[in-house]
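This report refers to the structure that appears directly beneath it.
Whatever order the structure lists ligands and atoms in, that order sets their numbers, starting from 1. Counting begins at 1 with the first residue of the sequence. Side-chain atoms are counted along with the backbone in the values below, which use heavy atoms only and exclude waters and symmetry mates.
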Amino acid sequence: MDNFTFYAPTYFAFGRDTEQDTGKYVRRFGGSKVLVHFGGGSVVRSGLLDRVKKSLEGEGIAYVELGGVKPNPRSGLVYEGIELCRREGVDFVLAVGGGSTIDSAKAIAAGAVYDGDFWDYYQGKLVEHALPLGTVLTIAAAGSEGSPDSVITHENGMFKRGATGEGLRPKFTILNPALTQTLPPYQTACGVTDIMAHLYERYLTNTTDVECTDRMIEALMLTMINEAPKVMADPNDYQARANILWAGMMAHNNSCGVGRSQDWASHDIEHELSAVYDCAHGAGLAVVMPAVFTYNMQHNVMRFAQAAVRVWGCEMDFAHPERTAKAGIEALRSFLISIGMPKNFAELGAKEEDIEKMAHSACHGDARTGSIGGFVSLNQQDVENIYRLML
Ligand code: NZQ
Ligand code: ZN
């Protein structure tokens, strides 16, 4: 295990009706004038936005609203939010929605107290300062509710890039599993896939002797494999929703990723797809992951075989461990298909003729230096080969 520091000071309130206390938490963490940020309308339709506003009013907290965040959130609305915060003297940003809304809120929170262009942060500058931020989450997926990360697409070039820094960690997050019961099945499945991806990105490590975090990741994967079919069968299964919601947070606040190298090739390769085709991040990952893992398998067959045996219940073939490794990748693929995820370029709406452009953007576009991936270093040719495995 490598040396590490870990500081994840988000305050979590979990359970039914916890959104009623939003105002109290905003006050506790110093907010007096709030930007309430939300997406395309699900929180309006469900009545959540009204409940949150009532809770702010109950504490005498003033607020301004900015809705309209799209999945794969864009830079345009971020610039608008930064302007609004400055004009209105906002001192706290509250995201009510999914990962896209939270990421847009994080970008606004960072940009509002920065003299330069907020996009500097998405080209590698660490976010040390931002307005304090809270979240009321409505989908188990991105893990942004507990992460120091944000992913935005810049409309100038359609580059989808991430920023990171302790300034972006939410001060508080409200997790009410019942809020996720209104999700369409497809979005639920996209979220499940993203959570599995966050676990695999950490599992694929070159660091040895990481038994504790290996076992934590495996436990979270097993939880997802067990609980996902329950919510696909019954969207109102509160307990299964609850387990998935907490697993999604644990998968990405990095408690199971410390002290080990991580991969993130699947994410970088997927972000090109969701930037170009505007597909859901989870759907893109469902197509990308089996291809990346198949391409990288020979780098460490035993790591894939370990996942196959411990997570997917495959028999260990000691004479041919690569067969076990492959069986684990196939089990992942079948699981993703079973919850309704696409399996290839065609089902995703992606096109062969864009492969070279996407591979170039992943490796050389906006602030990239020629290769991606922490498990296996992949150059543009490798990434093109991987995209071709998805045809
Ligand atoms: O916009 P609304 O109307 O709210 O609808 C959303 C959206 O259409 C809908 N939805 C969310 N909660 C709902 C609901 N519909 C009904 N009932 C509910 N309770 O679901 C759709 C997807 O929402 P979105 O916020 O886009 O989903 P998700 O949480 O998967 O976020 C995806 C974004 O997060 C980024 C992805 O790249 C993508 O842009 N990521 C962010 C990360 C981070 N900040 O740490 C890490 C991830 O790896 C990921 O890259
Ligand atoms: Zn993700």
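Ring geometry, Phe293 versus Phe304: the interplanar angle falls from 30° to 60°, so the pair is classed tilted. Ring geometry for Tyr11 versus Tyr25: interplanar angle of 30 to 60°, hence tilted. Between Trp119 and Tyr122, the two ring planes are parallel [angle under 30°; tilted spans 30° to 60°].
Counting all heavy atoms, side chain and backbone alike, Asn176 lies closest to Leu245 at C-CD2, 4.0 Å. Met297 and Lys326 make their closest contact through SD-N, 3.9 Å (heavy atoms, listed as atom of the first residue, atom of the second, distance). Across all non-hydrogen atoms, the minimal contact from Ser104 to Val78 is OG-CG2, 3.9 Å. For the pair Pro71 and Asp278, the tightest heavy-atom approach, listed with the atom from each and the gap, is O-OD1, 3.8 Å.
Of the candidates Leu285, Ile139, Leu183, it is Leu183 that places a heavy atom closest to atom 13 (C) of ligand 1. When His281, His198, Lys160, Gln187 are ranked by how near their heavy atoms come to atom 39 (O) of ligand 1, first place goes to Lys160.
The shortest separation from a heavy atom of Asn72 to ligand 1 is under 4.0 Å, placing the residue in contact. Residue-ligand proximity: Glu270 is placed with every non-hydrogen atom at 4.0 Å or more from ligand 1. Every heavy atom of Gln181 sits 4.0 Å or more from the atoms of ligand 1. Residue contact annotation: His271 has a non-hydrogen atom under 4.0 Å from ligand 1. The shortest separation from a heavy atom of Gly191 to ligand 1 is not under 4.0 Å, leaving the residue out of contact. Look at Ser150 and you'll find a heavy atom under 4.0 Å from some atom of ligand 1.
Among the atoms of Lys106, none of the N or O lies under 3.5 angstrom from an N or O of ligand 1. Note: no N/O pair closer than 3.5 Å links Pro73 and ligand 1 by distance alone. Here's the thing with Ala141: none of its N/O atoms is less than 3.5 angstrom from an N/O atom of ligand 1. For Trp264, no nitrogen or oxygen atom sits less than 3.5 Å from a nitrogen or oxygen atom of ligand 1, counting backbone and side chain alike. Remark: ligand 1 and Arg45 share no N or O pair separated by less than 3.5 Å (distance only, no angle test). Note: an N/O pair closer than 3.5 Å links Ser147 and ligand 1 by distance alone. Considering backbone and side-chain N/O atoms, Pro71 never comes within less than 3.5 Å of an N/O atom of ligand 1. Residue Gly41 has at least one nitrogen or oxygen atom sitting less than 3.5 Å from a nitrogen or oxygen atom of ligand 1, judged on distance alone. Of the polar atoms of Thr101, none of the N or O atoms is found under 3.5 Å from an N or O of ligand 1, judged by distance alone.
Distance CZ/Arg310 to CD/Glu218: 4.5 Å, rounded to 0.5 Å. Within the model, atoms CG of Asp268 and OG of Ser361 stand 10.0 Å from one another, a figure rounded to the nearest 0.5 Å. Here the OG atom belonging to Ser55 is positioned 7.5 Å from the CD1 atom belonging to Ile61, to the nearest 0.5 angstrom.
The cationic atom of Arg28 (NZ for Lys, CZ for Arg) does not lie both less than 6.0 Å from the six-membered ring centre of Phe172 and within 45° of the ring axis. A cation-pi arrangement, defined by a distance under 6.0 Å to the six-membered ring centre and an angle within 45 degrees of its axis, is present between Arg16 and Tyr238.
Shortest contact from atom 29 (O) of ligand 1 to any protein heavy atom: Gly99 N, 2.7 Å. The protein non-hydrogen atom at the shortest distance from atom 3 (O) of ligand 1 is Ser42 N, 2.9 Å. Nearest non-hydrogen protein atom to atom 17 (N) of ligand 1 is Thr182 OG1, 2.8 Å. The single protein non-hydrogen atom nearest to atom 34 (O) of ligand 1 is Ala142 CB, 3.6 Å, given as residue, atom name and distance. Nearest non-hydrogen protein atom to atom 1 (O) of ligand 1 is Gly40 N, 2.8 Å. Protein heavy atom at the shortest distance from atom 44 (N) of ligand 1 is Asp103 OD1, 2.8 Å.
Between Arg169 and Glu166 there is a salt bridge, since a side-chain N of the basic residue sits under 4.0 Å from a carboxylate O of the acidic one. Between Arg241 and Glu227, no side-chain nitrogen of the basic residue sits less than 4.0 Å from a carboxylate oxygen of the acidic one, so the salt-bridge criterion is not met.
Remark: of the listed residues Val383, Leu391, Asn385, Ile386, Leu391 is the sole one forming a side-chain contact (heavy atoms from CB on, under 4.5 Å) with Ile355.
For ligand 1, the atoms sitting less than 4.0 Å from at least one non-hydrogen atom of Thr138 are 11 (C), 12 (N), 13 (C), 18 (C), 19 (N), numbered in the order shown with element in parentheses. Within the listing of ligand 1, atoms 1 (O) sit less than 4.0 angstrom from a heavy atom of Gly39.
The atom of Asp194 nearest to the Zn ion (ligand 2) is OD1, with the search restricted to N, O or S atoms.
Contacts between Ser100 and ligand 1, counted as non-hydrogen atom pairs separated by less than 4.0 Å, involve both the backbone and the side chain. Using a 4.0 Å cut-off between heavy atoms, Asp194 contacts ligand 1 through its side chain alone, with no backbone atom that close. At a 4.0 Å heavy-atom cut-off, ligand 1 does not touch Lys70 at all.
Between Tyr121 and Tyr114, a ring centre-to-centre spacing shorter than 6.0 Å is recorded. Ring-centre distance between Phe92 and Tyr63: not below the 6.0 Å cut-off.
In this structure, atom 23 (O) of ligand 1 has no protein heavy-atom contact shorter than 4.0 Å. For atom 41 (C) of ligand 1, a protein heavy-atom neighbour is present inside the 4.0 Å cut-off.
No path of Ile, Leu, Val, Met, Phe, Trp and Tyr side chains, each step under 4.5 Å between heavy atoms, connects Leu137 with Val34, placing them in separate hydrophobic clusters.
At least one N/O/S atom of His198, from backbone or side chain, sits under 2.8 Å from the Zn ion (ligand 2).
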